[in-house]
> 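Supplied in structure tokens, the structure appears directly below.
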There are 2 protein chains.
Amino acid sequence: MTGLRERKKARTRAELQAHALRLFRDRGWAATTVDDIAAAAEVSRSTFFRYFPTKEDVVLFDDVDPLMAEAFDELPAGTPLLSAFRRGLATAFGRLDPEKRELEEIRMGLARTVPEIAAAVRERNGLGVDQVATKIAEGLGLDPGGLDVQLFAGVVTGARLAAQSLVTREPGRSYVDTLDAVLARLEQGIPLADLPLPGPTGPPRTG
Amino acid sequence: MTGLRERKKARTRAELQAHALRLFRDRGWAATTVDDIAAAAEVSRSTFFRYFPTKEDVVLFDDVDPLMAEAFDELPAGTPLLSAFRRGLATAFGRLDPEKRELEEIRMGLARTVPEIAAAVRERNGLGVDQVATKIAEGLGLDPGGLDVQLFAGVVTGARLAAQSLVTREPGRSYVDTLDAVLARLEQGIPLADLPLPGPTGPPRTG
DNA sequence: ATATCAACTGAGACTGAGTGTCATATTTGG
DNA sequence: CCAAATATGACACTCAGTCTCAGTTGATAT
């Protein structure tokens with residue numbers, strides 16, 4: 001049950017994360033050392049690393065996955081898979097409590113400006129193709145290693161990346177809204193897929 | 001002009017990379033320090049970092065981009081964009097000289113087993129959605145920031161991720177062949193997109 | 001209450017990546 | 001051959017991350 005120990009641990013963890021995010025936003029990522037965070041939270045450096053294996057981990061702390069799964073389960077049977085993804089995402093994000101939402105905003109901001117965090121976010125927070133594929137396969141009773149499942153997961157992941165890229169290009173856009181728009185567009189098929197190439201008259205070279 | 005300086009630099013760089021890849025494969029990533037690499041290549045640690053800003057960079061050294069652009073330019077006008085991508089990739093990889101091909105294999109192997117490298121590969125080697133989008137937009141005279149362009153780039157990127165995931169699940173598969181199969185499948189539309197969801201556990205609540 | 005066990009914590013040493021500086025060697029151009 | 005430019009090595013430094021060890025605190029059974 002929730003002994004004193006557990007509560008203290010949760011409190012310390014939250015404290016560390018809160019101070020860390022504040023410091024990152026104020027001083028910047030590189031200028032904030034783990035020592036600074038530990039000092040601000042009034043624990044030792046050792047303790048920081050006991051709660052968060054790396055400096056990045058203190059930022060990567062989301063709990064959207066259970067909400068996603070929940071929203072997914074509530075969708076009516078017969079919903080096309082791609083639409084289901086779009087609607088599940090929308091309702092899950094809509095249900096985030098304001099605190100988590102705020103945290104998500106700070107995290108998105110950091111992910112947009114700090115390469116290390118961007119990489120870590122892409123790597124871990126469920127953005128892996130195989131993780132998505134496994135969940136889809138579980139829910140539908142398909143082979144997770146099948147080409148179609150993996151490719152669908154890849155496409156969805158690609159859509160998320162596109163949304164992220166769009167928000168990066170035009171800060172101020174809402175990430176959630178952008179992702180919704182991207183998925184809506186995707187429901188009509190892959191854009192530009194059949195666009196014919198112009199002649200090789202004067203194509204620019206990038207290399 | 002190719003003075004002695006230039007040649008020496010190229011030689012040192014190649015030397016460093018060759019020794020590094022060999023050491024990584026033999027001893028593993030973590031067990032190989034930059035000092036080891038520098039010692040093997042008979043230069044100082046400082047010199048290593050002058051040639052490669054990070055330890056990861058010594059692995060990330062590809063020259064597929066120009067080949068891709070070249071193959072792309074040679075495609076006949078009117079080729080649908082998605083098909084163009086597939087064919088461009090295939091011919092570009094087909095043209096790699098054996099050395100580069102071997103290097104690519106080692107790199108793929110490391111990217112499959114070492115998380116740090118996997119992250120770095122995803123981040124840099126043209127796998128960024130925006131980089132792909134920019135190139136496409138350049139070639140077609142479109143707005144690189146448009147939703148369709150970014151989404152198309154995202155989908156293509158997702159396909160690459162799916163291929164990578166498939167190869168990881170079943171080592172021994174050829175990455176290039178897998179990617180070709182994935183893109184071929186994608187030409188027929190997004191797989192599973194219209195697959196209707198089954199009920200959660202029992203009969204669905206259609207409210 | 002108290003003794004005991006398990007877990008949390010702090011201190012500090014250690015490795016390795018990455019940065020910066022400065023003196024020395026080597027190439028290049030005149 | 002000389003001087004400017006540049007590549008290099010040696011060294012010191014910061015910081016992330018790992019590890020060990022000892023002290024402390026919470027949980028539990030008597």
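Chain A is the first sequence line, chain B the second, and so forth, proteins listed ahead of strands; every chain is numbered from 1.
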> Which salt bridge (charged side-chain N to carboxylate O under 4.0 Å, His left out) pairs, counting each pair once, include a residue from residues 22-34 of chain B, with sequence neighbours left out?
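Those involving residues 22-34 of chain B are B:R27-B:D36.
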> Name all residues meeting the side chain to side chain contact (heavy atoms under 4.5 Å, CB included) criterion together with A:A159; count only those two or more places apart in sequence or in a different chain, and write none if there are none.
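In terms of side chain to side chain contact (heavy atoms under 4.5 Å, CB included), with neighbours along the sequence ignored, A:A159 is linked to A:V182, A:L183, A:L186, B:L151.
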> Quick one, give me the B/S/- string for nucleotides 14-20 of chain C, reading 5' to 3', where B means a protein heavy atom under 4.0 Å from the base and S means that only happens at the primed atoms, P, OP1 or OP2.
--SBBB-
> Just to verify, what does A:R87 make a salt bridge (Lys or Arg N to Asp or Glu O under 4.0 Å) with, not counting sequence neighbours?
none
> Checking B:R169 now: which residues fulfil salt bridge (Lys or Arg N to Asp or Glu O under 4.0 Å) with it, not counting sequence neighbours?
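Per chain and number, B:R169 pairs via salt bridge (Lys or Arg N to Asp or Glu O under 4.0 Å) with A:D130.
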> Only counting residues at least two apart or in another chain, list the ones meeting ring-ring contact (aromatic ring centres under 6.0 Å, His included) with B:F49.
none
> Rounded to the nearest Å, what distance is computed from the CZ atom of residue A:F52 to the P atom of nucleotide D:dT18?
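Rounded to the whole Å, the gap is 15 Å.
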> Output the rounded distance in Å from CZ (A:R11) to P (C:dC8).
16 Å
> Does A:R95 come within less than 4.0 Å of A:E74, counting only side-chain N to carboxylate O?
yes
> List, with names and distances, any nitrogen or oxygen atoms from the protein found under 3.5 Å away from nitrogen or oxygen atoms belonging to nucleotides 5-7 of chain D.
from, atom 1, to, atom 2, distance (Å)
D:dT6, O4', B:R5, NH2, 3.2
D:dT6, O2, B:R5, NH2, 3.1
D:dA7, OP1, B:K9, NZ, 3.2

> Scan for side chain to side chain donor-acceptor pair (under 3.5 Å) pairs involving residues 37-46 of chain A, sequence neighbours excluded, and state none if there are none.
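Residue pairs with at least one partner in residues 37-46 of chain A: A:S44-A:T47.
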> Excluding sequence neighbours, so at least two apart, what forms salt bridge (Lys or Arg N to Asp or Glu O under 4.0 Å) with A:R173?
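Salt bridge (Lys or Arg N to Asp or Glu O under 4.0 Å) list for A:R173, sorted by chain: A:E170.
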> Grab the CD-P distance between B:E15 and D:dT8 for me, whole Å please.
13 Å
